[in-house]
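Since the structure comes first, as structure tokens, the remarks are kept for the end.
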Amino acid sequence: TSLLESSSIKSGMLRRPKPTDSEADLLREQQELLAAGGQSTVAVVKRPDKRRGDAAAADAQDQRNQRDVVTIEDELPSLTPAPPKKSRFKQERVRFEDEDPGERLDRHDTHISAVLSRIIERDTSAVPVSLPCITGAAFPKVLHRSVMGSEGQERAPKGRKSIFARQIAAQRAKEDSSASRHVSFSPLQNMETERPESNVMDRVGGPVLLTGQGLGIANSGMETMKIHEENQTKLQAMSQSEILEEQRKLLAQLGPRLVDFVRSRKAQRTPGSESASGPVQREDFLNEPLPNSTSPQLDHTIKAQESQRDTMEDDEEDENQLVAQPPITEEELPIKPQKEWLHMDKVEPEKLEWTRDLPAPREQSTNKAMQARFDFTGTLIPSTKDLPTHLGLHHHGEEPELAGYSLQELFLLSRSQLNQQRNLAVSTLANVLAKARAGEYISSLKGSVLSSLLDAGVLFLLRFSLDDTVEGVMSAAVHALRALLVSSDDEECLDNAFSWLLGMATFPLLPTAQEDEDEDDEGLDETMKETTKEKEEKKTDHDVARQDVVKGFLKMQGLPRLRYILEVVRPSPRVVLDILEVLIRIARHSTTAATQILDCPRLMNTVIAEFLPCSWAPATSQAPSSLYGLPVALAMKLLRVLASAGRHACARILNSLGGKEVLSRFVVVEPSEMLLEAGEALRCSTEVLRLFAVAASYGQACNLYTDLYPVLVKRLQAGNWRCASSEAVLLLELDPIRALLVLLTQVTQTAGCHEELQRDLVSAQGAECPPPPPVVWSHVTGLQPTVISSLKGCVRALDGPAQMSSALILLPSYLLYMEAYYSQLCVQSSFQPVQCLQELESLTSDVLLPLISHQAMQNITSCFRSSSMICNPGLSAAGGEVVSSLPGLGCSRMKTSSTIAGPNSPLSLPTALLYLLNTITSIHKGLLKKFSPLILSDSVLSYLRSCIGAMPSVSHMSAWISCHEHHLLYLLLRLAHKLVPVDPEVAKHATLFHQVSLALVSWLLPGSEYQAHELMSFVTFSHSLLPEGICGEPEMAALAELQLKDRTSLAVGALLRDALHHLPSIRGCYLTHLAHMESSVLSSRDRYLGRTPFVSSHLLPELTGPSLPSDWPFLPLISLYERMGLSAGGGHQVESLPAGSVQSVTNCLQWLLVLESWREQALTAVPPVAKLARLACVFLCSSDLFLEQPVQELTWALFRRLTRPAQLEALDLGSPPPGLASFHDLYSALLAQYEAVSFGDPLFGCFMLLPLQRCYSVTMRLAVFGEHVGMLRSLGVPLQQLPIPLEKFTSPMEDSLPLLRLYFRALVTGALKRSWCPVLYVVAVAHLNAFIFSQDAVAELLFLYFQFLVLKNHLLLFQLPQQNSELGFSIYEQLPPIRARRLESIVGTEVKGGER
């Protein structure tokens, strides 16, 4: 073996390493190779970096032995054939045999727009533009093969190259040699210099900053060297003191950033040449310390400049240059390489840059927005905060020195292949979403984090993460989904309001409807248009999620995945609770969403079987490791929210899903016997009673009431009074009592409907009718004594400070039960009036009057104004981030800024008390006057005054609590309306009550149609609330009307008196026009009066705005206009109107006159332009409706009120009236109608003159004098009858030359005469007179019109408009001298210049 090895060494061949060789063998063979001095069979070459350009590619050939790229010169033996190459893209394309090739091409076709959309043009606005150099050479330069042959052969590197490549290499080599000749300096010259300053500059060897690129000449390098040599010569001629002085000046003038930039460029420059003794050490004179003789002024200047660094604005390129660090050296490595390590004998610093410490973050001196970064808890990290690296917040991103993760990085990390990274990213996103919903980023970040995340597709990311196979990632996705959808504060407020009056009713959390413009359906027949369901099915998941997040999640099959997690994965308790909360939020979205939850296969079965078991083992700890097999309060709440969505959903839960068994099992168990944690047991007991109450509110599950009657009565008696030391436990203990009272209230109302339904069933004779409930009135009569006893105890407890809070919380529920009992008692066949009246008197003296006069009640009423959502619209402002596609109630801000939504809300107790008082006073009218102190309290009257003129906004954040405030106002007005006729003190405030009722009618939201109907039926059109008709107000109005000096129309006083006389007819007119809301009124009535067998759902109609529009007083006029088919235009003539139309319009105008005269505040929400547009319907509805005498008189009166000075100032015809594209379109229709049917009516004429005032658009004046000039013959409104001051038409001077020409033409042609149209005649003369004597007069036109004598006198001698004179204006007796000279100069020039 040794002989073979020695022979192989001698022959230059060494054996190849074997797999069995150790590391010591390899090192030994390496030493033998080096000792033999043989040539290696491999060579290390340096491949050119294509990204660095041609220069790097050329230099790479000269440094072949400096990179670890191996080329083997020996020919290797052929191995086994390699497997055929497989295309990765081909494997991804799956094709089927029966697939149409044409369809496949269309599907994979990429339109040119997809390519062009990715092209981003580079910004070249800051790039300097220089003219090309003038040269005699051709362009492009001609390359000759002879040149390449002579110059390129000796310098051509090894290997075959093209002619072009050889010439480029030779040219670069030539440039390098010429540059080295000019740049290099001999060591002798450096050694001979004595001055250290010049020596430094000589050692530089060339300019550091100047490159010559901006000179724009061919030999820029030579010119740069000349400049550099001149600078060196000047430096050598200067003394040391002069150099230091110039250095100080430069440092004082230059900014600190520019100085740092120069120093960094100098530090980064590599030596250009080396001396024979070794490399030359170069230093910059800017880096040398200044002598001690530096002036203090310079130090102060440098410090002042450094203090301004934070306020300077630089580009990102400058920032990158400033933060550049020198390459890492071997000494700076945190781990020193050892000799024993393979291939570590040569250290490559550029590959070890990542091992050095990160630079400290510093504040960026730029006004550009910086990227937000968050830690793992979702907290925003300031960009200047230096956090330690052991926190795990630093990573190899775009800004490695900054701690935290941006949203883009979190999105990228969430799709990582590592489970921990995905889990970390989704968990961090969950924390960010939770803090964004809470509004913690509003003051720190620009824009909405929630909107940005939704636009970026966070919902899709969470849906993908739910499909992850790793349970940790799946759990994090559920938690993030809960943070996105659920608001704990909203749920808490809704749960607290459950026991209030109509507290079960909630608005569906649907986004505001956005009408999509369907261009494809335009012009199609109704039968050809797509239905709403078809349009929804065509939408993509992205489009649906962009408009509605919950609907998008449902469309992405989110419910089956949540069912899978609950049923198969069986996650931890936190994930289970998060899923249940998400399902509750989806159920609150709409009835459709709740139905989808019930329809999802095995979802609700899993929830009931696993989390609402009929038997369970006691929990081993306060925080069990699994919730499976244990009762969960959120699961019971989910059933309750689903049941609230509709009667049919509730029936499915009770009958198909085993809800009745759940009710029976949990109602009979006391919270202390549930073998659960105390708080969870109380919540379970509360939720099961609430579910029972919801079922009873539909008249369902009432047979369980009879079965569980002993248990319910026992719990009612046990809950007589309970007090605890801790407030949190106190609230939890009171919630089951409140839920029990709500249940008994619903059962009592259901029992009260039994006799009515029994009678309907007998009289129906086979027609469809709800069956009578299984509970009758006798089943509930035994509850009343116990409730009254508890009610008295609560009132007595108000005197105890420790018990007052609990009493105030329980009192509303007891009062609501008493109202339900007495409202149903009076319609029973067993009703005994005398006994009932005695009970009511006893209840009033023992409970109600002491409660009204108690200090606690007065404290509550004093909070009405400060806690009102109507008087304080700012309370409904969002506390967190709000997006339109994910509406919420905004209770987080409401809880912190007001108590209106909490357990001690000032709404619940007064509303329940007034509800009971209205019922009692309708049964026992003798008790009515005893309750007047409640209405006459200063706090109540002040609150009502504050409501007048308020304009509350409508949104999900304010609507749910505004409904309860509307109930309070409605009940206050109903009680006040009853007290006005019997109590003179209350009657003094009748006007206040009427103003509030008019405002409340416009505020009532969907679901409150019954209250609106009741207000209109009894309060709004009540004589007793219009004291002006009794106190002589009509006569005062008539006296005021005399100031208008109009003797042709009936006095307003008589019109008002007639309107008051016809108030019942007016009320009937408006109720008739609201007949289309009958179904909504009936549904609202059943819910309000507790007619439980007829209630279909506790989800209110979709929140689209108030039930009635703000301009509802104009409703009869608008309805007639739409019924006659004139909504698309005007100018039509209608020969006959429907029967009763004149009377309907008369009643509408009478009511409008009453409001404009005495209740002007009620129409504040209607802008004046809208009033004018609605009133114009009188002329557009018919050809002769405005000629009817009552219509004519009332319209005249309303028009005068609209043209009062204050109203005219507020009239803006430039803004489009509500419901119209523009006022100009309406005026065009009025012009056509006037020409067709006006017959010169002065009222119609005044309407046509109103928009012609000088302050409005000139287009309407051009339309009259251009397109409709014929109407000037019939527009004969007398000047004395015009209710608008004439100066509004003549001032300021007209500046539209086309209109002035039309004025001239109308006057000259006789189309406009004073006898035909006196108002516009004065207007035209006034403007033309002002134009004649202005600097812009046109002499040619002026001379032409002097042929008409009368016109000439009016045009020249016009002085001022005078509405009461015969002409309508005053004239000069003779032309003033200044005007005469002006006229002579114009006419004289014209006559001389061109004689006619």
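Source: prediction; values computed, not measured. All heavy atoms count here, side chains included; hydrogens, waters and symmetry mates do not.
Among all heavy-atom pairs drawn from Val1095 and Arg647, the shortest one is O-NH2, 2.8 Å. Nearest heavy atoms, Arg690 versus Asp495: NH2-O, 3.3 Å. Summarising the geometry of Leu663 relative to Phe692, their closest heavy-atom pair is CD2-N, 3.9 Å, with the distance given to 0.1 Å. Across all their heavy atoms, Glu1009 and Ser1107 have their closest contact at OE2-OG, 3.7 Å. The shortest non-hydrogen separation linking Leu509 to Pro887 is O-CG, 3.6 Å. Residue Cys702 comes nearest to Thr750 through the heavy atom pair SG-CG2, 3.7 Å, listed as atom of the first residue, atom of the second, then distance.
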**Asked** Can you check side chain to side chain donor-acceptor pair (under 3.5 Å) on Ser697 and His1098, steps first, answer last?
**Response** CA-CA 9 Å; Ser697 67; His1098 290 295; 2.6 Å; yes

**Request:** Quick one: do Ile653 and Met604 satisfy side-chain contact (heavy atoms from CB on, under 4.5 Å)? Show the steps, please.
**Result:** CA-CA 9 Å; Ile653 293 173; Met604 292 310 300; over 6 Å; no

**Item:** From CA spacing to verdict: side-chain contact (heavy atoms from CB on, under 4.5 Å), Phe611, Leu634
**Value:** CA-CA 9 Å; Phe611 308 114; Leu634 282 176; over 6 Å; no

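In this model, no donor atom of one side chain and acceptor atom of the other lie less than 3.5 Å apart for Arg602 and Asn605. Using modelled atom types and a 3.5 Å distance limit, the side chains of Asn423 and Ser427 yield a donor-acceptor pair. In this model, a donor atom of one side chain and an acceptor atom of the other lie less than 3.5 Å apart for Arg482 and Ser488.
Look at Arg652 and Asp599 and you find a salt bridge, because one of the NZ, NE, NH1 or NH2 atoms lies within 4.0 Å of a carboxylate O, short of that distance.
Looking only at side-chain heavy atoms (C-beta outward), Lys435 and Phe374 stay at 4.5 Å or farther from each other. Side-chain atoms of Val569 and Val575, non-hydrogen and from C-beta on, never get closer than 4.5 Å to each other. Contact of the Phe666 side chain with the Leu691 side chain is not registered, since no non-hydrogen atoms from C-beta on lie closer than 4.5 Å.
A donor-acceptor pair under 3.5 Å links the side-chain atoms of Glu965 to the main chain of Met869, judged by distance alone.
Distance NE2/His956 to OG1/Thr506: 11.0 Å, rounded to 0.5 Å. If you take OH on Tyr628 and OG on Ser572, they are separated by 9.5 Å, rounding to the nearest 0.5 Å.
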